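All values derive from a computational prediction rather than experimental measurement.
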Amino acid sequence: MFTKQGPTVRELAVQALSSTERGYDLLAPKFDETPYRTPDRVLDAVTRAVRELGPFDTGLDVCCGTGAGIGVLRQLCRERAVGVDFSAGMLAEARAALPPGSEGPAVHWVRADARSLPFAPAFDLALSFGAFGHFLPAERFGLFAEVYGSLRPGGQFVFPLGAPPPVGSRAYWSLFGFDTAMRVRNALWRPRFVMYYRTFRLGDVLEDLTQAGFVVRLLPLTELGLRPDGSPRARLVVATREGQDVSGGS
């Protein structure tokens, strides 16, 4: 799963025993050499699907990490793309990978907690990749409300969501084991490292998005494959801000 350029077992252990923020600061220089970085085929599938929803002038990558989602926004937005993350280390890697003067829309990097975004309603598009496991279920509505408050009326918040693995499959037990290990770790060790794969369930997510003020629809990402029953392995969640802001976001 890890390349020779990726983190060592010792480095991963140090990260796992750190806080979420400090852990990602430590992992940042080698993050793109780990399986945690969103695969290009997912980024490309989302880019193609979201392009049909545009056009867009301004975009926001929520929990941008080393900037993979900014690469998507630079293909979709005409004027400006902003990446926000709470890890200074991840933002440093993102900045280094995209030096000033690069072609495309203007790119800005902001260090902030996604649970308290520092933006007025300024964006046509917001997206996020692979970050939601770092938020506890009780924090999810607040996170969505913050994104809602950062979008202009008519703005869209999009993210891919994979179908859950079949109960009893190898993938099911792998995710179950990881989440169990993280719960034990967080019960015994401080500071906590929040990363759970099984807490971001579609029904709960749709309910929280709706309560935050969004109108939500799902688009199949069929190029990422189909399950044995013919349903897509992944969908694109498209949440649109309509009407007045009732969420109390930033």
With the threshold set at 4.0 Å, does a side-chain nitrogen-carboxylate oxygen contact exist between R111 and D85?
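So R111 does not pair with D85 through a salt bridge.
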Presence of salt bridge, R48 and E223, under 4.0 angstrom:
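Looking at E223 and R48, the cut-off is met.
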Drop me the distance from [X]'s [atom1] to [Y]'s [atom2], to the nearest 0.5 angstrom.
X: K30; Y: E93; atom1: NZ; atom2: CD; value: 11.5 Å
X: F178; Y: M195; atom1: CZ; atom2: CE; value: 6.0 Å
X: H134; Y: L143; atom1: NE2; atom2: CG; value: 12.0 Å
X: R235; Y: L219; atom1: CZ; atom2: CG; value: 10.5 Å

Pairwise side-chain contact, T47 with L76, heavy-atom cut-off 4.5 Å (strictly under)
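In short, these two side chains touch, coming nearer than 4.5 Å.
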Between [X] and [Y], what is the ring plane arrangement, given parallel below 30°, perpendicular above 60°, and tilted in between?
X: Y24; Y: F193; result: parallel
X: Y148; Y: F214; result: perpendicular
X: F176; Y: Y172; result: parallel

Taking everything shown except R51 itself, do over 12 heavy atoms lie less than 6.0 Å from its CZ?
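More than 12 heavy atoms, drawn from other residues, nucleotides or ligands, come within 6.0 Å of this atom.
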Is the number of heavy atoms from other residues, nucleotides or ligands within 6.0 Å of CZ (R10) greater than 12?
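Not more than 12 within 6.0 Å, no.
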Apply ring pair (Phe, Tyr, Trp, His ring centres under 6.0 Å) to the pair F135 and F200, showing each step before the final yes or no.
CA-CA 9 Å; F135 300 92; F200 201 72; 9.1 Å; no
